[in-house]
Amino acid sequence: EPDDTAGTLFPKLAVLGASLLIETLEGLANGTVPRRPQDNSLATFAPALTLEDACIRWKEPAEALHHRIRGVAPRPGAVAEINGKRLKIWSSEVASLQIESTPPGTILGISKRPPGLLVSAGQSTALLLTETQPENGKRMAADAWARGLRISPGDTFTDPLLPN
């Protein structure tokens, strides 16, 4: 689904995989499933996600950032920094507006409908952060977090610093 995350997709694939496994085992027992060796030249390796994979790089277009956020939720979770504080981003939406001459990562405003924090991204795009979690805090609506921290238009996110 368009709003699926790695966390919501996993149980859906588990159900599909379980039924496919039963079907395959029955087919093997009946001799109706052809046996073919895997073509190793077409196989790919998918390493575990790291904190670097979860870092929001504001120069990327909003759509890429939105997919990154979905792809790393719930673990390790997308992270960004503002005013020296780390923020976990749980959900977002790609905003349907073009941004002119605003550096990526700049806060554009707090949106009431839909609720969230509007941030400029790469290629003149904008991302609406909808659910966030401050460092050592609880998940909350992004607009509530921004108001509580007194975030205002013109403030700027930075790319997170990674531990060595």
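Source: prediction; values computed, not measured.
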If you link I, L, V, M, F, W and Y whenever their side-chain heavy atoms are under 4.5 Å apart, who else ends up in the same group as [X]?
X: Val15; answer: none
X: Leu108; answer: Leu97, Ile99, Leu118, Leu128
X: Leu20; answer: none

Among residues at least two apart in sequence or on other chains, which ones pass side-chain contact (heavy atoms from CB on, under 4.5 Å) with Glu60?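 side-chain contact (heavy atoms from CB on, under 4.5 Å) list for Glu60, sorted by chain: Arg57, Ala64, Leu65, Arg68.
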
Quick one: side-chain contact (heavy atoms from CB on, under 4.5 Å) partners of Pro76, sequence neighbours excluded?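 side-chain contact (heavy atoms from CB on, under 4.5 Å) list for Pro76, sorted by chain: Leu49, Ala54, Val72.
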
Heavy-atom distance under 4.5 Å between the side chains of Ile69 and Ile56, does that happen here?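 Of all side-chain heavy-atom pairs linking Ile56 with Ile69, at least one is under 4.5 Å.
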
For residues Pro134 and Lys85, determine if any side-chain heavy atom of one lies less than 4.5 Å from a side-chain heavy atom of the other.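 A side-chain contact under 4.5 Å is absent here.
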
Under 4.5 Å between side-chain heavy atoms, hopping through other hydrophobics if needed: is there a path connecting [X] to [Y]?
X: Val79; Y: Trp90; answer: no
X: Ile110; Y: Met140; answer: yes
X: Val119; Y: Ile151; answer: yes

Summary of side-chain hydrogen bond (donor to acceptor under 3.5 Å, both in side chains) pairs that have at least one residue in [range], sequence neighbours excluded:
range: residues 137-155; result: Glu131-Arg139, Asp143-Arg147
range: residues 98-112; result: none
range: residues 113-126; result: none
range: residues 13-38; result: Gln38-Asn40

Spacing of CG belonging to Leu21 relative to CG belonging to Leu16, to within rounding of 0.5 Å: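 The CG atom of Leu16 is 12.5 Å from CG of Leu21, to the nearest 0.5 Å.
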
Hey, what do you get for SG (Cys55) to CZ (Arg86), rounding to the nearest 0.5 Å?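 If we round to the nearest 0.5 Å, Cys55:SG and Arg86:CZ are 6.0 Å apart.
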
Flag yes if more than 12 heavy atoms outside Lys12 fall under 6.0 Å of its NZ atom; otherwise flag no.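 Atom NZ in Lys12 is crowded, with more than 12 foreign heavy atoms closer than 6.0 Å.
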
What residues, two or more places apart in sequence or in another chain, satisfy salt bridge (charged side-chain N to carboxylate O under 4.0 Å, His left out) together with Lys59?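 Result, salt bridge (charged side-chain N to carboxylate O under 4.0 Å, His left out) vs Lys59: none returned.
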
Those residues that, when tested against Arg70, pass salt bridge (charged side-chain N to carboxylate O under 4.0 Å, His left out) (two or more places apart):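 None.
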
Which heavy atom in [X] sits nearest to a heavy atom in [Y], and how many Å separate them?
X: Ala121; Y: Ala62; value: CB-N, 3.7 Å
X: Ala80; Y: Ile89; value: CB-CD1, 4.0 Å
X: Leu117; Y: Ala146; value: CD1-CB, 3.8 Å
X: Gly109; Y: Pro153; value: CA-CG, 4.0 Å

Please, which pairs that meet ring pair (Phe, Tyr, Trp, His ring centres under 6.0 Å) have at least one residue in residues 26-80, sequence neighbours excluded?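 Only Trp58-Phe157 qualify under ring pair (Phe, Tyr, Trp, His ring centres under 6.0 Å).
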
